[in-house]
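So the structure is just underneath, and the comments pick up after that.
Because the structure is predicted, anything quoted here is derived from the model rather than measured.
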There are 2 protein chains.
Amino acid sequence: MDTGFHRGSGGHVTRAGTRQSIRHVNDVLLREWSEDEREVASIRRIRGLGVRGDIAFHAPRFNDDMSRGRPMKIQSRATLEDVARLAGVSAKTVSRVYSNSPRVLPETRERILDAAKRLRFRPNTLARSLRQGGKTDTVAFVIGDIRNPFYFHVAAGIEQELAKRGFTMLLASTGDSPESEPVVVNALLGQLVRALLLIPIAGDQSYLEGERQLGTPVIAVDRPATDLVADSVVLANRAGMADAVRSLTALGHRKVGFVSNPSEMYTLAERLAGYRQALREVGVLETTTWERLDNDPQITPESQVRSLLDSSDPPTAIVTGNNRATMGALRELRERNDQVALIGFDDFELADMLGISVVAHDPVELGRAAGRLALERIESPSGPTRTIEIATRIVARGSGEIPPSR
Amino acid sequence: MDTGFHRGSGGHVTRAGTRQSIRHVNDVLLREWSEDEREVASIRRIRGLGVRGDIAFHAPRFNDDMSRGRPMKIQSRATLEDVARLAGVSAKTVSRVYSNSPRVLPETRERILDAAKRLRFRPNTLARSLRQGGKTDTVAFVIGDIRNPFYFHVAAGIEQELAKRGFTMLLASTGDSPESEPVVVNALLGQLVRALLLIPIAGDQSYLEGERQLGTPVIAVDRPATDLVADSVVLANRAGMADAVRSLTALGHRKVGFVSNPSEMYTLAERLAGYRQALREVGVLETTTWERLDNDPQITPESQVRSLLDSSDPPTAIVTGNNRATMGALRELRERNDQVALIGFDDFELADMLGISVVAHDPVELGRAAGRLALERIESPSGPTRTIEIATRIVARGSGEIPPSR
DNA sequence: CTGTTAGCGCCTTCAC
DNA sequence: GTGAAGGCGCTAACAG
């Protein structure tokens with residue numbers, strides 16, 4: 001609707017349409033801002049604002065100062081056109097300045113940047129992306145349980161790589177619920193993310209097939225995707241665990257326990273496979289007696305270790321499937337005074353002080369690799385899918401170097 | 001440029017403009033997709049795709065299959081209009097379905113949803129936001145060092161709250177460099193984020209004043225913003241530390257050491273103030289002898305503690321400014337066998353097992369509070385700024401309950 | 001080196 | 001209950 005406000009005298013208004021009026025309002029704004037700027041300059045150095053008790057009001061969006069006979073002032077964002085008008089050029093020229101097109105006279109560029117600064121202009125990335133066929137510079141990373149520190153380290157690595165190329169990371173979590181994965185992912189895809197990195201949670205990522213065909217790279221992190229052709233970055237779970245067990249068997253251990261909960265996940269299944277393989281290599285074919293595999297969050301690793309040590313034929317060494325299991329094993333072993341060797345999967349803080357040997361890996365590096373893969377795919381979408389394995393390494397700190405006591 | 005392709009015979013083409021051609025190509029696409037769908041259905045259940053060695057090619061964006069005399073097929077995303085055409089309605093009706101407008105016949109809605117599904121339609125959030133005056137549903141969170149687990153827990157809390165209302169979190173880091181803060185933040189603001197949460201790193205956030213006036217809520221997390229009127233969410237640093245020191249003085253401690261590096265940051269300055277205050281309450285006015293404050297990342301907390309214990313008048317208790325200092329103190333104290341009481345700020349994993357008393361807080365709750373505050377501000381931008389303090393609590397585990405030995 | 005025109009995909013306004 | 005026209009802020013294509 002026409003606000004009914006037109007500036008100046010003379011010259012009849014040809015079209016009193018919406019656009020026209022908005023422009024007028026923005027014209028007012030142009031004047032306003034010059035005033036504002038002085039004001040801001042004086043505000044810039046508000047000192048002594050303490051932490052508590054200060055009362056300050058957020059600026060209301062509409063400042064209906066009718067006292068000077070002016071209409072409602074809309075504090076809207078400056079656009080290319082506003083800047084262009086102030087600089088006395090066309091919108092396209094301003095656009096060129098912001099897209100780093102070299103074809104602008106230094107002098108013109110200067111004038112434009114000055115005008116932009118005065119209007120506090122900031123290019124609207126959304127509009128740009130829309131015009132450019134939905135090419136945003138955001139990449140989505142979808143994780144399960146957002147509290148898991150592992151994922152955050154991975155996220156750190158991803159963000160680090162993406163930032164190098166000016167991409168930003170949209171982080172979303174599915175709360176570890178398989179059903180919400182497609183929901184969350186679809187919402188992100190609607191934002192036209194340039195690539196999708198995800199820790200597959202749902203049993204099946206085939207719902208992404210269409211998106212992949214449209215050219216959005218999909219990269220599975222930490223576990224491979226199921227029913228979807230996608231790149232992936234995973235840890236050397238199997239090899240890492242096999243190496244750990246080999247280091248134990250080299251010391252003479254044959255009765256090696258494996259503790260894990262959950263145990264059905266891809267990563268843990270792989271680690272279990274590595275464990276079995278290494279024992280098979282020294283002739284131990286039957287390992288189930290020393291395996292404590294559960295998939296019930298109620299069951300603590302402590303109880304799993306207890307059941308292992310209290311059994312008729314207790315192991316002389318224990319390897320754990322993950323961080324949490326290691327902590328549990330550690331607590332349980334400390335209570336007893338058993339000379340049981342222990343190697344944990346995943347490193348943790350203070351492990352050095354406690355002398356715990358672990359299969360360490362670098363989650364940040366995992367993220368970096370995933371980020372780099374995403375960037376490569378963005379640049380060249382075609383080519384065979386790849387799976388990158390991030391190496392693990394054994395860090396000997398004592399607990400894993402105890403020879404069999406029995 | 002006109003692609004030169006026009007479908008069918010009869011009927012002369014009135015305007016052979018770009019738009020026209022694109023529409024034609026999309027018409028072709030409509031046919032193509034039906035074929036694709038069958039194909040996809042058969043692809044859906046690719047089984048047995050192993051982790052490594054599988055070769056599959058990403059679909060090239062252009063499929064120049066000229067063999068059947070067809071033009072380049074553009075695998076573009078389906079739009080409202082495409083869905084509308086397939087469903088035999090106007091684009092607006094489809095739009096209504098997706099904006100949950102009730103004014104659509106159930107039958108029509110059904111037909112539209114069916115068409116949308118067939119075309120794998122996903123509403124373009126960018127375009128929607130643009131049209132709606134730049135109201136996105138993303139909120140930015142800017143942190144310093146992305147590896148700091150504390151920030152990730154905060155991020156977790158924020159994301160958790162935001163997700164409840166359908167907002168997604170854009171996470172960016174400044175790499176702890178004050179100069180890059182404005183750069184990163186400005187880039188995010190160009191994405192028209194609905195609110196900005198940040199851990200202030202730069203010495204001055206006055207550059208955000210304009211944005212705030214445009215109605216974007218700014219929320220400072222963990223530290224207050226400088227030179228900017230903004231809401232903030234911080235820990236009860238001062239009170240928490242004061243309580244810790246009081247628990248020590250209650251046991252008779254008077255010589256209490258304070259170890260921190262860095263020490264000039266807001267949070268640490270607050271904790272230091274709490275420490276001094278609590279000692280002043282029991283008549284200890286001169287505390288600098290027992291303070292080890294540094295701002296050099298080269299200096300380890302271990303060395304700080306060492307210098308404290310090796311001094312002529314060593315403290316009988318130590319409080320630490322943060323996690324890292326606690327670890328250092330712990331390592332150093334373990335090497336000696338001194339009966340020095342220790343209370344750390346920040347809880348950490350295994351602190352229970354090691355019997356370390358701490359001033360604990362909940363970073364996830366800090367994030368949640370920040371997220372809720374952001375949501376409130378989005379809904380009602382005006383009103384006085386607020387500072388929320390997240391309570392801390394002392395967790396007694398033994399190390400802090402040792403009476404003075406000398 | 002700069003300007004003009006049209007349109008990205010969607011939604012608002014208004015008409016039927 | 002549905003449709004047609006126009007524009008959000010920007011840039012590609014073309015023209016000068």
Side-chain angles (χ1 to χ4, degrees), chain A residues 1-2 15 17-23 26 74 76-85 87-112 116 119 121-136 190-192, chain B residues 1-3 15-23 26 74 76-85 87-112 116 119 121-136 190-192:
Chain A
M1 192 195 296
D2 190 352
R15 266 179 64 229
T18 317
R19 177 77 185 184
Q20 206 78 4
S21 314
I22 287 181
R23 280 310 163 214
N26 259 358
I74 299 179
S76 65
R77 229 166 213 102
T79 71
L80 274 187
E81 218 166 317
D82 295 326
V83 176
R85 211 168 331 145
V89 294
S90 81
K92 180 60 202 173
T93 308
V94 181
S95 163
R96 274 191 261 264
V97 169
Y98 280 91
S99 22
N100 291 317
S101 165
R103 315 198 158 283
V104 182
L105 269 179
E107 185 193 300
T108 314
R109 157 175 269 115
E110 198 73 19
R111 214 167 63 245
I112 288 170
L119 296 179
F121 170 73
R122 214 191 314 276
N124 183 329
T125 314
L126 254 52
R128 172 184 295 206
S129 297
L130 181 60
R131 184 61 247 245
Q132 294 181 332
K135 292 289 174 217
T136 63
Q191 305 214 27
L192 304 182
Chain B
M1 192 200 294
D2 189 353
T3 63
R15 267 180 63 230
T18 318
R19 177 81 183 180
Q20 205 77 4
S21 314
I22 288 180
R23 280 311 163 215
N26 259 359
I74 299 178
S76 66
R77 231 167 212 100
T79 72
L80 276 187
E81 215 168 321
D82 295 327
V83 176
R85 211 168 331 146
V89 294
S90 83
K92 180 58 208 172
T93 308
V94 181
S95 165
R96 273 191 261 267
V97 170
Y98 280 91
S99 25
N100 291 317
S101 165
R103 315 200 158 281
V104 181
L105 274 178
E107 186 193 299
T108 314
R109 158 174 267 116
E110 197 73 18
R111 214 167 63 243
I112 288 171
L119 295 180
F121 171 73
R122 213 190 315 274
N124 182 332
T125 314
L126 253 53
R128 171 181 294 201
S129 297
L130 181 61
R131 185 60 247 244
Q132 292 180 334
K135 292 291 175 215
T136 63
Q191 306 215 26
L192 304 183

### Task
Test for a donor-acceptor pair under 3.5 Å between the base of D/dG9 and the side chain of B/Arg131, counting only N and O atoms.
no

### Query
Considering only side-chain heavy atoms of B/Leu80, which listed nucleotide, D/dA13, D/dG3, C/dC10, is closest?
C/dC10

#### Entry: From B/Leu192 atom CG to B/Gln132 atom CD, the distance as rounded to the nearest 0.5 Å
12.5 Å

### Message
Please tell me if B/Gln132 has a side-chain N or O lying less than 4.0 Å from either OP1 or OP2 of C/dC10.
### Response
no

### Query
Taking only N and O in the side chain of A/Thr108, is any of them less than 4.0 Å away from OP1 or OP2 of C/dT2?
yes

### Query
Given atom NZ of A/Lys92 and atom P of D/dA13, what is their separation to the nearest angstrom?
10 Å

### Query
Counting side-chain heavy atoms from C-beta on, which of D/dA12, C/dG9, C/dT2 comes nearest to B/Leu130?
C/dG9

### Query
Does the side chain of A/Ser95 get closer than 4.0 angstrom to OP1 or OP2 of D/dC10 through an N or O atom?
no

### Query
When the distance from CD of A/Gln191 to C1' of C/dC10 is rounded to whole Å, what number comes out?
15 Å

### Task
Looking only at side-chain atoms of A/Arg96, point me to the closest of C/dT13, C/dT2, D/dC10.
C/dT2

### Query
Hey, does A/Leu105 reach any base, or is it just sugar-phosphate, or nothing, if we go heavy atoms under 4.0 Å?
sugar-phosphate

### Task
Would you please name every residue forming a side chain to side chain donor-acceptor pair (under 3.5 Å) with B/Thr125, sequence neighbours left out?
none

### Task
Would you mind reading off the distance between B/Arg85 atom CZ and D/dG3 atom C1', rounded to a whole angstrom?
16 Å

### Query
Rounded to whole angstrom units, what separation is found between the NZ atom of B/Lys135 and the C1' atom of D/dG9?
15 Å

### Message
Without decimals, in angstroms, what is the distance between B/Leu126 CG and D/dT11 P?
### Response
13 Å

#### Entry: Residues in side chain to side chain contact (heavy atoms under 4.5 Å, CB included) contact with B/Arg109, at least two apart in sequence or another chain
B/Val97, B/Val104, B/Leu113

#### Entry: Residue-phosphate contact under 4.0 Å: B/Thr93 side-chain N/O, D/dG3 OP1/OP2
yes

#### Entry: Identified side-chain contact (heavy atoms from CB on, under 4.5 Å) partner of A/Arg85 from the options A/Asp82, A/Val89, A/Val83
A/Asp82

### Atom of B/Thr93, atom of B/Ile112 and distance for their closest heavy-atom approach
CG2-CD1, 3.7 Å

### Task
Check the distance between C/dG9's P and B/Phe121's CZ and give it to me in whole angstrom.
10 Å

### Message
Would you say B/Thr79 places a side-chain N or O within less than 4.0 Å of OP1 or OP2 belonging to C/dG9?
### Response
no

### Task
Round to the nearest Å and state the distance from A/Asn124 atom CG to D/dG9 atom C1'.
6 Å

### Message
Using whole Å, what does the distance between atom C1' of nucleotide D/dC10 and atom OH of A/Tyr98 come to?
### Response
13 Å

#### Entry: Donor-acceptor pair under 3.5 Å, A/Arg122 side chain vs D/dG9 base
no

